[in-house]
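Heads up: the structure comes next, in structure tokens.
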Amino acid sequence: MKPCRAFMAGLLVFLVFIFPVSFGWGLDGHFTICKIAQSRLSRAAADAVQRLLPEYANGELANVCIWADRIKFRYRWSSALHYVNTPESLCTYQYARDCKDENGVEGRCVAGAINNYTSQLLTYKTRSSSSQYNLTEALLFLSHFMGDIHQPLHVGFAEDKGGNTIEVHWYTRKQNLHHIWDSNIIETAEEKFYDSSVNGLIDAIQMNITKEWTDEVEEWVKCNSKTIACTDIYASESIRAACDWAYKGVTEGATLAAKYFSTRVPVVYLRLAQGGVRLAAVLNSIFG
Ligand SMILES: *[C@@H]1O[C@H](CO)[C@@H](O)[C@H](O)[C@H]1NC(C)=O
Ligand SMILES: *[C@@H]1O[C@H](CO)[C@@H](O)[C@H](O)[C@H]1NC(C)=O
Ligand SMILES: *[C@@H]1O[C@H](CO)[C@@H](O)[C@H](O)[C@H]1NC(C)=O
Ligand SMILES: [Zn+2]
């Protein structure tokens, strides 16, 4: 590469990192989910993850959980895999009805992608060295999409693109509703309660996983389907939470502030916890 092109490529990477275009939990949401997940991995799963992680992850899955958002422009085909649209106002999710992309291609949604990358990773154990798939990418996609499917507005309505077209104010700033659920609620919680630190937030969620939610954690990972991940359950919970909390009472141009924050932040904590616990369970069962 000529120096000039190398510089331009470097600049591009830099710009993408400082101006992330976000359509999933933001950086901290994905980081939190993967951090929680990695702390719950079995020996076998932890080993497999270490082998598959790219070098620049420094051994931390959380460091690369946002990867799938960063490469969306390079891998244009992957952008439909971050969400699923459900019919306006029904507040339900059905795989056969809803899981398709804009061109109607079946299985091209976040639930289909989770199944896809789960089955690719199942070839890890029986791996002939010439696996047809790049299992590093499969791991990074799966870890990211397990997060996205737990973000209520990633299972939102097609009409408003999961809240992306609903313009509101977050306190005094203009913002769209989708972004508030990706990032603003988490950031405001960090500023208010955790010294602006994502690690403080993670510790608090981990504490509740072991105390407040111990009885529920077993329920979260129950999965009676034939697939390893229970995407029907995760997506149905998300659209329910989207209707009950994210969309509820929100009109175009509304100002969402302290009251919206304090009533919604527990929902965000719960979804981050469930995303992390379930990602660990799925990886443990893939590599177990
Ligand atoms: C499945 O994974 C392959 C390899 O990354 C990709 O080309 C394909 O689009 C994926 N399909 C879905 C539905 O995730
Ligand atoms: C697998 O994907 C990763 C991430 O995109 C890439 O760095 C690596 O070179 C790929 N490996 C192979 C063998 O293509
Ligand atoms: C932990 O649980 C307590 C008690 O229900 C709750 O007040 C607090 O907001 C929770 N924190 C997190 C991060 O889940
Ligand atoms: Zn995403």
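What you see is a predicted model; the values in this text were computed from it and never measured. One-based numbering along the sequence shown. Read the numbers this way: they start at 1 and go in the same order the structure lists the ligands and their atoms.
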How far apart are the closest heavy atoms of [X] and [Y], and which atoms are they?
X      : Y      : result
Tyr234 : Val282 : OH-CG2, 4.1 Å
Asp148 : His154 : O-CB, 3.2 Å
His82  : Ser78  : CD2-O, 3.3 Å

Asn134 contact mode with ligand 1 (heavy-atom cut-off under 4.0 Å):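 Looking at Asn134 and ligand 1, no heavy atom falls under 4.0 Å.
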Under a 4.0 angstrom heavy-atom cut-off, which atoms of ligand 1 come close to Ala113?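 This gives 14 (O) as the contact atoms.
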Quick note on ligand 1: atoms under 4.0 Å from a heavy atom of Gly107 include exactly 13 (C)
Polar side-chain atom of Tyr260 near backbone of Ala246 as donor-acceptor pair, under 3.5 Å: yes
Under a 3.5 Å distance rule, please check whether Ser42 uses its side chain to pair with a backbone N or O of Ala45 as donor and acceptor.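 A pair under 3.5 Å: yes.
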Validation row: Arg108, Leu81 side chains within 4.5 angstrom (heavy atoms):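 They are in contact (side-chain heavy atoms under 4.5 Å apart), so the answer is yes.
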I'd like to check Phe157 versus Thr86 (side-chain heavy atoms, cut-off strictly below 4.5 Å). Are they in contact?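 Yes, close enough: below the 4.5 Å cut-off.
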Verify the contact flag for atom 11 (N) of ligand 3, where contact means a protein heavy atom under 4.0 Å away. yes
Flag the pair Glu219 and Lys222 as a salt bridge only when some basic side-chain nitrogen lies within less than 4.0 angstrom of an acidic carboxylate oxygen. yes
Sidechain N-carboxylate O distance under 4.0 Å for Arg278, Glu237: yes
Atom indices of ligand 3, in the order listed, that fall short of 4.0 Å to a heavy atom of [X]:
X      : answer
Tyr194 : 13 (C)
Ile205 : 13 (C)
Ala204 : 13 (C)

Just going by heavy-atom distances, which of Phe141, Tyr133, Tyr75, Tyr117 is nearest to atom 5 (O) of ligand 1? Tyr117
[atom] - nearest protein heavy atom and its distance:
atom                    : result
atom 14 (O) of ligand 3 : Asn208 ND2, 2.8 Å
atom 9 (O) of ligand 1  : Arg108 NH1, 3.1 Å
atom 4 (C) of ligand 3  : Glu212 CD, 3.6 Å
atom 2 (O) of ligand 1  : Asn116 ND2, 2.4 Å

Distance alone, cut at 3.5 Å: any donor-acceptor contact between the side chains of Thr32 and Trp25? no
Does any donor atom in the side chain of His179 or Asn164 lie under 3.5 Å from an acceptor atom in the other side chain?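 Their side chains do not contain a donor-acceptor pair, so the 3.5 Å distance test is not met.
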So which N/O/S atom does Asp148 have closest to the Zn ion (ligand 4)?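 Output for this pair reads OD2.
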Could you tell me whether ligand 1 has any atom less than 4.0 Å away from a heavy atom of Gln120? yes
Select one of side chain, backbone, both or neither to describe which atoms of Trp213 lie under 4.0 Å from any atom of ligand 3, heavy atoms only. side chain
With respect to the Zn ion (ligand 4), please indicate if His154 possesses an N, O or S atom at a distance under 2.8 Å. no
Please find out if the Zn ion (ligand 4) and some N, O or S atom of His82 are separated by less than 2.8 Å.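 Yes, His82 qualifies, because one of its backbone or side-chain N, O or S atoms lies under 2.8 Å.
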